[in-house]
Amino acid sequence: MNNIYSEKDIRYEYNCLTKSLIDKNLTITTMESATSGQIASLITDTEGASAIFKGAFITYSNEAKIMQGVPKDILDKYTVYSKETAVAMATACKKAFGADIGIGVTGTMGNTDPANKEASVPGEVFFAIVIKDDIRDFRVEIAPQPSRLAYKLAVAKEVYDKLTELLEY
């Protein structure tokens, strides 16, 4: 995937998303690893987000993921870089906060993870979206980006696109 990502456009789209979630009275939460809270930040950049944003977990380490409800056996069996882990993350945060929507994001940005060399593929990101009881998982490849922020925004854009598709805007 070789998309061009515009920070200004992504921020605008998340502003619209947050307003729409407020209008629909749908609550949302995230458990983020690769994006380290970027999606939560984009959602809460809009005034009134406290009406729908329940909270978030930034779980950069495996230990943090386990502490927040991701089963250790999922990480052991499938690795941290897998759709199974993304699903477990989305499910765990949705349950922890009692939200309507849970988003889980894991993956490798521009470099290989020295602790998981075999499992990490630069630019490969897995995310899952749970809406009510419907669980969807996705894998995207992010082309090399000029900065860590650019990688995070690129992933946030991919999540936004799938989430809005699922919400049938």
Q: Would you please test Phe53 and Thr27 for side chain to side chain contact (heavy atoms under 4.5 Å, CB included) and show each step?
A: CA-CA 6 Å; Phe53 190 75; Thr27 57; over 6 Å; no
Q: Take Gln68 and Thr59 through the test side chain to side chain contact (heavy atoms under 4.5 Å, CB included) and record every step on the way to the result.
A: CA-CA 8 Å; Gln68 300 308 331; Thr59 55; 3.9 Å; yes
Q. Taking it one step at a time, do Tyr5 and Glu158 satisfy side chain to side chain donor-acceptor pair (under 3.5 Å)?
A. CA-CA 10 Å; Tyr5 301 95; Glu158 298 296 330; 2.7 Å; yes
Q) Should Asp100 and Ile52 be marked as a side chain to side chain contact (heavy atoms under 4.5 Å, CB included) after you check the CA-CA gap, both sets of side-chain angles, and the distance that decides it? A) CA-CA 9 Å; Asp100 297 311; Ile52 53 92; over 6 Å; no
**Q.** Evaluation steps, side chain to side chain contact (heavy atoms under 4.5 Å, CB included), between Val125 and Arg139
**A.** CA-CA 6 Å; Val125 177; Arg139 177 191 167 279; over 6 Å; no
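Between Lys65 and Asn62, some side-chain heavy-atom pair lies under the 4.5 Å cut-off. For the pair Tyr14 and Asp9, the minimum side-chain heavy-atom distance is 4.5 Å or more. The shortest side-chain heavy-atom distance between Phe127 and Asp137 does not fall under the 4.5 Å cut-off. Residues Ile101 and Val130 fail the side-chain proximity criterion, which asks for heavy atoms closer than 4.5 Å. With contacts defined as side-chain heavy-atom distances shorter than 4.5 Å, the pair Tyr151/Ile142 qualifies. Counting heavy atoms from C-beta outward, Tyr12 and Ser6 have side chains that stay 4.5 Å or more apart. For the pair Val159/Phe138, no side-chain contact is recorded, criterion being any heavy-atom separation below 4.5 Å from C-beta on. The closest side-chain heavy-atom distance from Met89 to Thr106 is below 4.5 Å.
The structure places CG of Asn25 at 10.0 Å from CG of Asp23, a figure rounded to the nearest 0.5 Å. For the atom pair OG1 (Thr46) and CD1 (Ile22), the distance works out to 7.0 Å, reported to the nearest 0.5 Å. Taken from OG1 in Thr29 to CD1 in Ile39, the straight-line distance is 11.0 Å, to the nearest 0.5 Å. Here Leu42 contributes atom CG and Leu153 contributes atom CG; the two are 6.0 Å apart, rounded to the nearest 0.5 Å. Rounding to the nearest 0.5 Å gives a distance of 11.5 Å between CD of Glu141 and OG1 of Thr108.
By the rule that hydrophobic residues join a cluster once side-chain heavy atoms approach within less than 4.5 Å of another member, Ile135 and Phe97 end up as members of separate clusters. There is no path of hydrophobic side-chain contacts, each under 4.5 Å, that joins Met31 to Leu166. Ile74 and Val105 sit in two unconnected hydrophobic clusters of ILVMFWY residues. Membership requires side-chain heavy atoms under 4.5 Å apart, directly or through other members. Ile58 and Met67 are assigned to two separate hydrophobic clusters, defined by single-linkage of ILVMFWY side chains at heavy-atom distances under 4.5 Å. Hydrophobic cluster membership is shared by Ile10 and Leu163, with clusters built from Ile, Leu, Val, Met, Phe, Trp and Tyr side chains linked at under 4.5 angstrom.
Val70 and Ala92 get closest at one heavy-atom pair: N-CB, 4.4 Å. Ile43 and Ala49 get closest at one heavy-atom pair: O-CB, 3.6 Å. A pairwise comparison of heavy atoms in Ala128 and Ala90 identifies O-CB, 3.6 Å as the closest pair. When all heavy atoms of Leu167 and Lys24 are compared, the pair lying nearest together is O-NZ, 4.1 Å. Nearest heavy-atom pair, Phe126 versus Tyr81, reported as atom, atom and distance to 0.1 Å: CE1-O, 3.4 Å. Across all non-hydrogen atoms, the minimal contact from Lys54 to Gly98 is CE-O, 4.0 Å.
A side-chain donor from one of Thr85 and Ser82 sits under 3.5 Å from a side-chain acceptor of the other. Ser36 and Lys152 share a donor-acceptor pair across their side chains, judged by distance under 3.5 Å alone. A donor-acceptor contact under 3.5 angstrom links the side chains of Glu32 and Thr35, judged on distance only.
Under 4.0 Å is where a charged nitrogen must lie from a carboxylate oxygen, and between Arg11 and Glu7 at least one such pair does.
Judged purely by atom type and a 3.5 angstrom limit, Thr30 has no side-chain atom pairing as donor or acceptor with the backbone of Ile103. The main-chain N or O of Asp161 is found under 3.5 Å from a side-chain atom of Thr164 such that the two form a donor-acceptor pair. At least one donor-acceptor pair closer than 3.5 Å links the side chain of Thr91 to the backbone N or O of Val87. Between the side chain of Ser20 and the backbone N or O of Cys16 there is no donor-acceptor pair closer than 3.5 Å.
The stretch residues 66-94 participates, sequence neighbours left out, in these salt bridge (charged side-chain N to carboxylate O under 4.0 Å, His left out) pairs: Lys72-Asp76.
For the salt bridge (charged side-chain N to carboxylate O under 4.0 Å, His left out) test, no residue two or more places apart in sequence or in another chain qualifies with Lys95.
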